[in-house]
Amino acid sequence: MAWRQLPLGPLQTNCYIYSNDKKECLIIDPGGDANKLIGILQQQHIKPLAVLLTHAHFDHIGAVDDVRNKWGIPVYVHSKEKHWLTDPSLNGSQFFMAGAIKVADADEIIKSEGILTIGDFSLEIFETPGHSPGSVSYYSSEEGVVFSGDALFAGSIGRTDLPGGNHDQLIKSIHDKLLTLPEDTIVLSGHGHETTIEQEMESNPFLNGF
């Protein structure tokens with residue numbers, strides 16, 4: 001498996017193209033700039049199988065409908081945020097200059113933790129709320145990588161001052177679900193550059209004492 005980080009949309013949110021040797025991929029958090037994303041996939045002859053959302057804030061969903069409609073693929077989101085896709089007051093877009101963002105309902109609802117298998121891809125779903133109620137992280141033990149959304153960043157953690165945010169809950173999510181992963185696990189976040197669990201345990205100022 002391979003991954004490509006692609007900053008997209010008004011906040012340059014990291015979208016990830018997670019691909020295999022068969023030129024298939026999962027698209028994680030397509031935040032915007034649909035034409036750019038679609039163009040890259042077409043140019044490289046990569047076929048998307050699904051869209052996975054770590055959560056449903058506006059800067060992570062802007063290109064969802066364009067990608068879904070282009071390839072006829074399902075979109076996955078946690079049940080606690082299934083209504084956020086169609087509601088700008090919940091996904092936060094009505095509060096930002098980007099304007100109201102709405103996309104169609106998700107095709108697949110994540111209801112609990114477990115293994116998600118799509119084609120040759122297998123990812124473990126961790127519920128990591130705190131930044132938002134339905135935040136999830138996608139982990140591959142085989143590849144040693146976790147897509148953490150806006151829970152954990154290089155040197156920082158997700159903001160918790162948006163609707164449904166909870167600082168204590170986020171710290172618990174990071175401590176219980178992410179910091180328990182092997183220390184060499186690569187963390188691919190929703191913003192910024194990649195890091196590792198070890199690096200965040202040692203130097204993240206928000207996680208002192210862990």
Side-chain angles (χ1 to χ4, degrees), residues 5-17 26-38 50-69 73-111 125-138 146-174 177-178 187-194 204 206:
Q5 182 190 83
L6 193 63
L8 298 174
L11 301 185
Q12 290 293 279
T13 303
N14 289 332
C15 170
Y16 292 97
I17 301 172
L26 303 178
I27 300 173
I28 301 172
D29 290 347
D33 299 326
N35 290 337
K36 178 180 179 180
L37 174 57
I38 291 171
V51 172
L52 307 184
L53 300 177
T54 60
H55 63 294
H57 279 147
F58 74 94
D59 59 313
H60 291 250
I61 66 173
V64 162
D65 278 349
D66 293 287
V67 172
R68 168 169 42 193
N69 295 337
I73 56 178
V75 174
Y76 289 72
V77 75
H78 194 276
S79 61
K80 290 184 179 179
E81 296 181 16
K82 64 181 180 180
H83 299 302
W84 289 36
L85 300 177
T86 60
D87 190 336
S89 69
L90 293 174
N91 66 46
S93 58
Q94 77 172 31
F95 306 113
F96 289 83
M97 293 178 65
I101 292 176
K102 298 180 182 180
V103 301
D105 289 332
D107 306 280
E108 301 290 341
I109 303 300
I110 298 169
K111 298 179 180 178
I125 299 172
F126 297 140
E127 293 177 319
T128 48
H131 173 67
S132 68
S135 287
V136 298
S137 298
Y138 300 98
V146 61
F147 300 91
S148 65
D150 286 2
L152 178 63
F153 303 123
S156 188
I157 62 174
R159 61 187 294 180
T160 56
D161 58 340
L162 300 173
N166 184 306
H167 178 80
D168 291 342
Q169 187 180 45
L170 177 58
I171 293 297
K172 179 174 173 56
S173 293
I174 294 171
K177 303 295 175 65
L178 299 179
V187 180
L188 299 176
S189 305
H191 301 273
H193 58 82
E194 68 181 55
N204 191 312
F206 295 91

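In terms of heavy atoms, Gln5 sits closest to Asn14 at NE2-ND2, 3.3 Å. The shortest non-hydrogen separation linking Cys15 to Leu8 is CB-CD1, 3.6 Å. Of all heavy-atom pairs spanning Leu170 and His131, the tightest one is CD1-N, 4.0 Å. Here the shortest heavy-atom pairing between Ser148 and Val187 reads OG-CG1, 3.5 Å. Pairing each heavy atom of Phe58 with each of Pro10, the nearest pair is CE1-CG, 4.1 Å. Considering every non-hydrogen atom in both Ile109 and His78, the closest pair reads CG2-C, 4.3 Å.
Looking at Asp33, its side chain does come within 3.5 Å of a backbone N or O of Gly9 through a donor-acceptor pair. Thr13 places a side-chain N or O within 3.5 Å of a backbone atom of Asp59 that can act as its donor or acceptor partner. In this structure, Asp65 contributes its side chain and Ala104 its backbone to a donor-acceptor pair below 3.5 Å. In terms of modelled atom types and a separation under 3.5 Å, the side chain of Glu127 and the main chain of Lys177 share no donor-acceptor contact.
Side-chain contact between Tyr76 and Asp107 is absent, with no heavy-atom pair separated by less than 4.5 Å. When side chains are defined from C-beta on, Ile27 counts as touching Leu37, because their heavy atoms get closer than 4.5 Å. Residues Thr160 and Asn166 are not in side-chain contact: their nearest non-hydrogen atoms beyond the backbone lie 4.5 Å or more apart. Between Leu52 and Tyr16 the shortest side-chain heavy-atom distance does not fall below 4.5 Å. Proximity of Ile61 to Ile101: side-chain heavy atoms (C-beta onward) are separated by under 4.5 Å at one or more points. A heavy-atom distance below 4.5 Å is found between the side chains of Ile73 and Val51. Side-chain contact between Val146 and Leu152 is absent, with no heavy atoms from C-beta onward closer than 4.5 Å. Within the 4.5 Å cutoff, no side-chain heavy atoms of Leu85 are placed close to those of Val64.
The CD1 atom of Ile17 sits 11.0 Å away from atom CG of Leu26, with the distance rounded to the nearest 0.5 Å. Rounding to the nearest 0.5 Å places OG of Ser137 at 4.5 Å from CG of Leu178. For the atom pair NZ (Lys172) and OG1 (Thr128), the distance works out to 13.0 Å, reported to the nearest 0.5 Å. His191 contributes atom NE2, which lies 8.5 Å from atom CG of Asp29 (distance to the nearest 0.5 angstrom). Distance OG1/Thr86 to CG/Asp105: 5.5 Å, rounded to 0.5 Å. Here the OH-CG distance, from Tyr138 to Leu188, works out to 14.0 Å after rounding to the nearest 0.5 Å.
Applying the side chain to side chain contact (heavy atoms under 4.5 Å, CB included) test between Leu53 and each of Val77, Ile110, Val136 identifies Val77 as the sole match. Residue Trp84 forms a side chain to side chain contact (heavy atoms under 4.5 Å, CB included) with just one option from Ser89, Ser132, Ser93, and that option is Ser132.
Glu81 and His55 share no donor-acceptor pair across their side chains, judged by distance under 3.5 Å alone.
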